[in-house]
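Take a look at the structure set out below.
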Amino acid sequence: MSALLLNRLNEKIIKAVGEISHLRKERERLLAEIDLMRDENRRARRTSGEYRALVDERNKMIMKLERLLGKLEKLKV
């Protein structure tokens with residue numbers, strides 16, 4: 001009886017070790033995926049900031065051109 005219980009316990013331990021190994025590999029994969037997502041997030045924020053800067057610069061140029069156009073219209077050129 002004791003040997004039967006020890007064999008069942010041994011099987012459960014082997015199964016648990018396999019599951020733990022699988023979960024560790026899954027955890028590593030998920031951590032790598034999180035790192036990738038963080039890198040993508042940083043790049044996206046940087047690109048978004050660059051886009052905002054370009055839009056601001058474009059709007060400033062439009063305002064300058066409109067002022068110049070107004071001055072030219074006053075001069076009737």
Side-chain angles (χ1 to χ4, degrees):
M1 183 83 152
S2 178
L4 181 61
L5 288 175
L6 287 176
N7 284 338
R8 285 179 50 200
L9 181 59
N10 189 40
E11 289 172 6
K12 287 184 179 188
I13 290 171
I14 291 171
K15 185 177 179 181
V17 168
E19 185 66 23
I20 289 170
S21 176
H22 170 73
L23 291 173
R24 283 183 177 157
K25 288 177 186 176
E26 182 69 10
R27 179 180 181 269
E28 290 300 315
R29 185 188 69 76
L30 291 171
L31 288 173
E33 192 172 327
I34 288 171
D35 287 341
L36 178 63
M37 292 171 88
R38 285 181 178 148
D39 290 343
E40 289 175 349
N41 188 327
R42 275 189 226 108
R43 283 193 299 271
R45 279 192 267 157
R46 184 176 43 236
T47 301
S48 178
E50 291 169 356
Y51 173 76
R52 282 193 301 272
L54 288 171
V55 168
D56 290 344
E57 182 67 24
R58 182 192 69 188
N59 290 338
K60 288 176 186 176
M61 295 301 283
I62 288 171
M63 289 171 51
K64 284 181 182 180
L65 289 172
E66 287 174 348
R67 282 194 303 266
L68 285 173
L69 183 59
K71 288 179 182 181
L72 289 173
E73 286 177 353
K74 285 182 183 177
L75 295 172
K76 301 199 186 223
V77 174

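Counting from 1, the numbers follow the sequence of the chain as shown.
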Quick one: side chain to side chain donor-acceptor pair (under 3.5 Å) partners of Asn7, sequence neighbours excluded?
-> none
Provide the full list of salt bridge (Lys or Arg N to Asp or Glu O under 4.0 Å) pairs with a residue in residues 3-24, sequence neighbours left out, each pair given once.
-> none
Atom pairs and distances, side-chain donor-acceptor, residues 26-33, under 3.5 Å, sequence neighbours left out:
from, atom 1, to, atom 2, distance (Å)
Glu26, OE1, Arg29, NE, 3.4
Glu26, OE2, Arg29, NH2, 2.7
Arg29, NH1, Glu33, OE1, 3.1

Sorted by chain and number, sequence neighbours left out, salt bridge (Lys or Arg N to Asp or Glu O under 4.0 Å) with Arg42 holds for Asp39
Let me check something: any side-chain donor-acceptor pairs from residues 48-72 under 3.5 Å, sequence neighbours excluded? List them with distances.
from, atom 1, to, atom 2, distance (Å)
Ser48, OG, Arg52, NH1, 2.9
Asn59, ND2, Val55, O, 3.3

If you group Ile, Leu, Val, Met, Phe, Trp and Tyr whenever their side-chain heavy atoms sit less than 4.5 Å apart, what else falls in with Leu36?
-> none
Before giving the answer on side chain to side chain contact (heavy atoms under 4.5 Å, CB included), spell out for Leu9 and Ile13 the whole-Å C-alpha distance, their side-chain angles and the decisive distance to 0.1 Å.
-> CA-CA 6 Å; Leu9 181 59; Ile13 290 171; 4.0 Å; yes
